[in-house]
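Worksheet for the structure shown next.
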Amino acid sequence: MPELPEVETVCRTLREPLVGRTISAAVVTWPRTVEPLDPGDFTARVSDATVDAIERRAKLIVARLSTGDTLTTHLRMTGKLLYTRHGATPPEEPERHLRIAYELDNLDMLEFFDARKFGRVRLHTAEEWDDVSASYGPEPLDPDFTSDWLYQRLRATTRQIKPLLLDQKFIAGIGNIYADEALFLARIHPLKPANTISRRKAEALHQAIVSVLSQAIANAGTTLRDYRSGSGAIGMNKPNLNVYGAPPGTPCPRCGARLKRLVVGQRGTTICPRCQRLR
DNA sequence: CACTGAGCCTGCTAGC
DNA sequence: TGCTAGCAGGCTCAGT
């Protein structure tokens, strides 16, 4: 599941080949991918647009277009945005998973594959994009995400800490993998009400979030099964995971107790019951 | 406000 | 071996 580090890696791998290129044509093969636009409108609005910049906001791959529109791609679970040079071997993806194909002015291709069809590609006007961007919480790797900010915000809500970390309006870019990893490192139980977390623990959580995300970016993301960068490469961060995806009963890498699996906010969650106490 | 559940989807796998 | 039921999960929306 692509989260902040994976999306950041996709942006970094797409930036060099894509910036400065003009989209000469686009084909939408699964209309819901571009909702609420219909495929004809989408195609018309991206055709002949030049990519001025590639940025990341939360889990969105953001392409600034010369038309003033902002093109965003959300990979959700199984989306892949793959760049292929003209004449190079095409991606090893089943053709039936192709949802959008963009042809560029140099005949290179940018293709959006998505097995489960959850991914979304949208076009926003400048004003719309400002609103969308403002609806997200702070970027955890930006300087305005401080431990003091986190502590003050935790104090203001009774919500359980894990669903709170997954709330993109609270903090942008964290998903199931890095929420579990950060809570494990900070030794916080995922069900703990936010307003009962001490200043000390909030500092630990802040540090854990930053280090877990930075490390994953340094390793080009975590590939469990589907994730690929813009060039089709897998991520190398999986060996750094402490708890996510570990079968119940696996020894805790820190204390040796048996890891436990629970469901929090309808999501699979792995914790060490000894390191992460509710009280 | 906090939380729950349904819906969107299909590939994979556990269990028969 | 072959089949099927159920799980996985980010996000949105409706309901309690």
Side-chain angles (χ1 to χ4, degrees), chain A residues 1-8 10 28-37 56-62 72-81 91-100 112-122 124 128 131-137 139-140 153-183 189-197 213 216 221-228 234-235 238 241 243-249 261-270 278:
Chain A
M1 305 92 242
E3 305 178 23
L4 186 154
E6 290 73 35
V7 177
E8 178 63 29
V10 172
V28 176
T29 49
W30 182 253
R32 293 204 64 172
T33 300
V34 298
E35 272 184 354
L37 258 43
R56 180 190 58 75
R57 174 73 172 116
K59 300 177 194 171
L60 293 173
I61 300 156
V62 179
T72 63
T73 303
H74 197 310
L75 304 174
R76 293 286 180 92
M77 255 89 81
T78 55
K80 302 171 191 178
L81 196 55
E92 295 176 36
E93 295 294 322
E95 199 62 23
R96 68 180 185 282
H97 292 168
L98 180 66
R99 308 303 172 203
I100 303 180
F112 180 64
F113 292 92
D114 186 16
R116 280 190 204 157
K117 300 177 174 174
F118 277 18
R120 289 293 174 260
V121 174
R122 299 215 156 101
H124 309 275
E128 287 167 349
D131 290 345
V132 170
S133 185
S135 72
Y136 286 104
E139 288 289 334
R153 291 296 310 272
L154 293 181
R155 278 205 330 179
T157 178
T158 62
R159 294 173 67 185
Q160 299 165 342
I161 186 62
K162 181 172 175 182
L164 188 62
L165 292 180
L166 294 176
D167 183 348
Q168 302 299 298
K169 292 189 273 307
F170 185 77
I171 311 183
I174 297 175
N176 212 24
I177 299 174
Y178 301 108
D180 275 13
E181 293 297 316
L183 290 170
H189 194 286
L191 293 174
K192 193 163 173 59
N195 64 348
T196 67
I197 293 172
L213 296 176
T222 300
T223 296
L224 299 168
R225 175 179 297 145
D226 296 302
Y227 165 70
R228 295 291 183 279
I234 62 170
K238 192 173 169 184
L241 301 185
V243 291
Y244 185 85
R261 196 171 160 78
L262 47 154
V263 175
V264 179
Q266 293 138 290
R267 273 168 211 144
T269 300
T270 306
L278 201 42

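Every chain is numbered from 1, with letters handed out A, B, ... down the list of sequences. Computed from heavy atoms alone, side chains included, the values below leave out hydrogens, waters and symmetry copies.
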Quick one: [X] [atom1] to [N] [atom2], roughly how many Å, whole number?
X: A:Leu224; N: B:dC12; atom1: CG; atom2: P; result: 14 Å
X: A:Asp114; N: B:dC9; atom1: CG; atom2: C1'; result: 9 Å
X: A:Phe170; N: B:dC3; atom1: CZ; atom2: P; result: 13 Å
X: A:Phe118; N: C:dG10; atom1: CZ; atom2: C1'; result: 8 Å
X: A:Glu6; N: C:dG10; atom1: CD; atom2: P; result: 11 Å
X: A:Leu75; N: B:dT10; atom1: CG; atom2: C1'; result: 17 Å
X: A:Gln266; N: B:dA6; atom1: CD; atom2: P; result: 9 Å
X: A:Glu35; N: C:dG10; atom1: CD; atom2: P; result: 21 Å

If you compare all heavy atoms of [X] against all heavy atoms of [Y], which two are closest, and at what distance to 0.1 Å?
X: A:Gly119; Y: A:Asp114; answer: N-OD2, 2.6 Å
X: A:Phe113; Y: A:Pro91; answer: CE1-CG, 4.0 Å
X: A:Arg99; Y: A:Ala115; answer: NH2-O, 3.4 Å

Q.
Suppose we call a contact any N or O donor and acceptor under 3.5 Å apart; does that hold for the side chain of A:Gln168 and the base of C:dG10?
A. no
Base, sugar-phosphate, or nothing: which does [X] touch, judged by heavy atoms less than 4.0 Å apart?
X: A:Arg96; value: sugar-phosphate
X: A:Gly265; value: nothing
X: A:Arg261; value: sugar-phosphate

At less than 4.0 Å, is any side-chain N or O atom of [X] found next to OP1 or OP2 of [N]? Yes or no.
X: A:His74; N: C:dC11; answer: yes
X: A:Tyr244; N: C:dA8; answer: no
X: A:Arg267; N: C:dG10; answer: yes
X: A:His97; N: B:dG11; answer: yes
X: A:Arg32; N: B:dC9; answer: yes
X: A:Thr157; N: B:dA2; answer: yes

side-chain hydrogen bond (donor to acceptor under 3.5 Å, both in side chains) test vs A:Asn176 passes for just one of A:Lys162, A:Arg267, A:Glu3, namely A:Lys162
Nucleotide of [options] approaching [X] most closely (side-chain heavy atoms):
X: A:Arg225; options: C:dG10, B:dT13, C:dG9; value: B:dT13
X: A:Arg76; options: C:dG9, C:dC11, B:dG11; value: C:dC11
X: A:Arg159; options: B:dA2, B:dC9, B:dG11; value: B:dA2
X: A:Gln160; options: B:dG5, B:dC3, B:dA2; value: B:dC3

**Asked** What do the steps show when you test A:Thr222 against A:Tyr244 for side chain to side chain contact (heavy atoms under 4.5 Å, CB included), and what is the final call?
**Response** CA-CA 11 Å; A:Thr222 300; A:Tyr244 185 85; over 6 Å; no
| query | Considering every strand shown, what is the Watson-Crick or G-U wobble mate of C:dT1 when both distances are under 3.5 Å? | reply |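 Base-paired to nothing in any strand shown.
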Comparing A:Lys169 with A:Arg116, nearest DNA chain C nucleotide closer to 5' gives the residue A:Arg116
A:Thr73 backbone acceptor or donor facing A:Arg120 side chain under 3.5 Å
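No; judged by distance alone, with no hydrogens or angles, the pair does not exist.
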